[in-house]
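These notes are about the structure you will find just below.
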Number of protein chains: 2
Amino acid sequence: MTSPRWLTPEELRAWINYLDCSTLLNDYLDQQLRRDAAVTHADYSLLARLSVAPDRALGMSLLAEQLKFTRSRLTRAVIRLEESGYVRRREDPADGRGQLAELTDAGMELMTKAAPGHVAAVRRVVFDALSHEQVEQLATITATVVASLKQAGEEDAYPATLPWHRR
Amino acid sequence: MTSPRWLTPEELRAWINYLDCSTLLNDYLDQQLRRDAAVTHADYSLLARLSVAPDRALGMSLLAEQLKFTRSRLTRAVIRLEESGYVRRREDPADGRGQLAELTDAGMELMTKAAPGHVAAVRRVVFDALSHEQVEQLATITATVVASLKQAGEEDAYPATLPWHRR
DNA sequence: CCGAAGTGTTTGAACAGGCAAACACCTCGG
DNA sequence: CCGAGGTGTTTGCCTGTTCAAACACTTCGG
């Protein structure tokens, strides 16, 4: 690093906007779901993944990977949701080490009640405010950054740690 | 809500990409700062705000607002940073109720050490991967969403709670 | 000058999430 | 068939965050 290249004014503006956007959007959706469906955004995402899975069930590791959760976070989240009656766990018939998380009927019912409001909220603050072109731009930009993160992660991780998502 | 308008496939793709991007990017930067400068991304942002403020000092409420922190979150964060020696607090001479958070020399030194690496990381995973046009698109899109969130927040909040940032 | 209402900040209690270590089970070479 | 090493999951402990209630000070109407 010779002289650390700073961000240009446009980059800085984009960066600050992005940071604010990401925080506020997350807060907004979390509030909306808490208020209207009594779940957090994180729990909602978990249930949503299960609701579209075949048999409404997924292995814990797979689920953690999709959600970008640490395994321990997932364990605790699933325990909580199990206590609330939305999820059930059973052993993976194919692998004695594995557990499957399965959406219960109550969980499915919650999703069908909560999803319309959530989708409406996302629409309202994001997609209704953006043009069709901007939606495409957003998809491309975020995909690019994700790819770039993936590559950066692999390079950094050569010594030892953080294989996929801090393991 | 007649029949809840679902998301189109492109919208859904954009949304999922965005969600992944936001999570992974935050994780990545947090790891980078923890590893290279022994601070969290949140603490870094706080110190960064102070470092560019006049006299390196800001009132607690103003700082909380800029950072989108709860007031209580800010209180505790500042206490922690004060114990680490990066921040000092003093009474606001203009208002006996208020406190000012001020960056110490140690804090400033930390920032000058940490900033280049952080900026390099942001460049690497975001701006080096995007074209100049995409940076502008990102700035516009995020600004639009922030504005739309602000409006949505005001409308929702008519009954009672959540004035600015859940108060 | 008094007290009510407003604004700025902190505290107490509860909980989510991260890391690292432990545990359980599978798989494969010998 | 045994044990070493891998993979899937959970647990213990600690830190950071939230919500609500308390505190502290200021301001303003009477």
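Each chain gets a letter, A, B and so on, in the order the sequences are listed, and its residues count up from 1.
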Item to check | Phosphate contact (D:dT10 OP1 or OP2) by A:R89 side-chain N/O below 4.0 Å | outcome: yes

Item to check | Whether B:H41 and B:H118 hold their rings parallel, tilted or perpendicular, with breakpoints at 30° and 60° | outcome: tilted

Next on the checklist: Just verifying a value: how many Å separate A:D92 CG and A:L100 CG, rounded to the nearest 0.5 Å?
Outcome noted: 4.5 Å

Checklist entry - How close or far is atom P of D:dT7 from atom CE of A:M60, stated in whole angstroms? => result 19 Å

Next on the checklist: Taking any heavy-atom pair under 4.0 Å as a contact, classify B:D95: base, sugar-phosphate, or nothing.
Outcome noted: sugar-phosphate

Checklist entry - Is it the case that A:D36 and A:Q32 place a side-chain donor and acceptor less than 3.5 Å from each other? => result yes

Item to check | Which residue lies more 5' along DNA chain C, comparing A:A42 with A:E91 via nearest heavy atoms | outcome: A:A42

Checklist entry - Can you tell me if the side-chain N/O atoms of B:R71 get under 4.0 Å from OP1 or OP2 in C:dG8? => result yes

Next on the checklist: Once rounded to the nearest 0.5 Å, what's the spacing between atom CG of A:L110 and atom OG1 of A:T112?
Outcome noted: 8.0 Å

Checklist entry - Does A:R76 or A:R34 map to a spot on DNA chain D nearer the 5' end, using the closest nucleotide for each? => result A:R76

Checklist outcome for this item: 5'-most contact on DNA chain D (nearest-nucleotide basis), A:G98 vs B:R97, goes to A:G98

Checklist outcome for this item: When rounded to whole Å, the CG to C1' distance for the pair B:L58 and C:dG8 reads 15 Å

Next on the checklist: Tell me the interatomic distance from A:D30, atom CG, to D:dT17, atom P, rounded to whole angstroms.
Outcome noted: 15 Å

Checklist entry - At under 4.0 Å, does any side-chain N or O of B:Q31 touch on OP1 or OP2 of C:dC19? => result yes

Next on the checklist: Quick check on side-chain contact (heavy atoms from CB on, under 4.5 Å): which of A:V146, A:V145, A:L25 does B:Y18 satisfy it with?
Outcome noted: A:L25

Checklist entry - Under 4.0 Å between a side-chain N/O of A:S72 and OP1 or OP2 of C:dA20, yes or no? => result no

Checklist outcome for this item: B:D92 CG to D:dT27 P, in whole Å, measures 11 Å

Next on the checklist: Could you tell me how far apart A:L81 (CG) and C:dA16 (P) are, to the nearest whole angstrom?
Outcome noted: 10 Å

Checklist entry - Nearest-Å distance, CD (A:E83) to C1' (C:dC15)? => result 13 Å

Please tabulate, one pair per line, each protein N/O and nucleotide N/O from nucleotides 14-16 of chain D that are separated by under 3.5 Å, including the distance.
| from | atom 1 | to | atom 2 | distance (Å) |
| --- | --- | --- | --- | --- |
| D:dG16 | OP2 | B:R80 | NE | 3.4 |

Checklist entry - Taking atom C1' of D:dT9 as reference, at what distance in whole Å does atom CG of A:L100 sit? => result 13 Å

Anything under 3.5 Å between a donor and an acceptor, one on a side chain of residues 102-109 of chain B, the other on a protein residue two or more places apart or in another chain? List them.
| from | atom 1 | to | atom 2 | distance (Å) |
| --- | --- | --- | --- | --- |
| B:E102 | OE1 | B:R88 | NE | 3.4 |
| B:E102 | OE1 | B:R90 | NE | 3.0 |
| B:T104 | OG1 | B:G85 | O | 2.7 |
| B:T104 | OG1 | B:Y86 | O | 3.1 |
| B:T104 | OG1 | B:A106 | N | 3.4 |
| B:T104 | OG1 | B:G107 | N | 3.0 |
| B:D105 | OD1 | B:R56 | NH1 | 3.4 |

Checklist entry - Looking at OG of A:S51 and CG of A:L46, how far apart are the two atoms once the value is rounded to the nearest 0.5 Å? => result 10.5 Å

Item to check | Atom-pair distance (CZ on A:F69; C1' on D:dG8), nearest Å | outcome: 18 Å

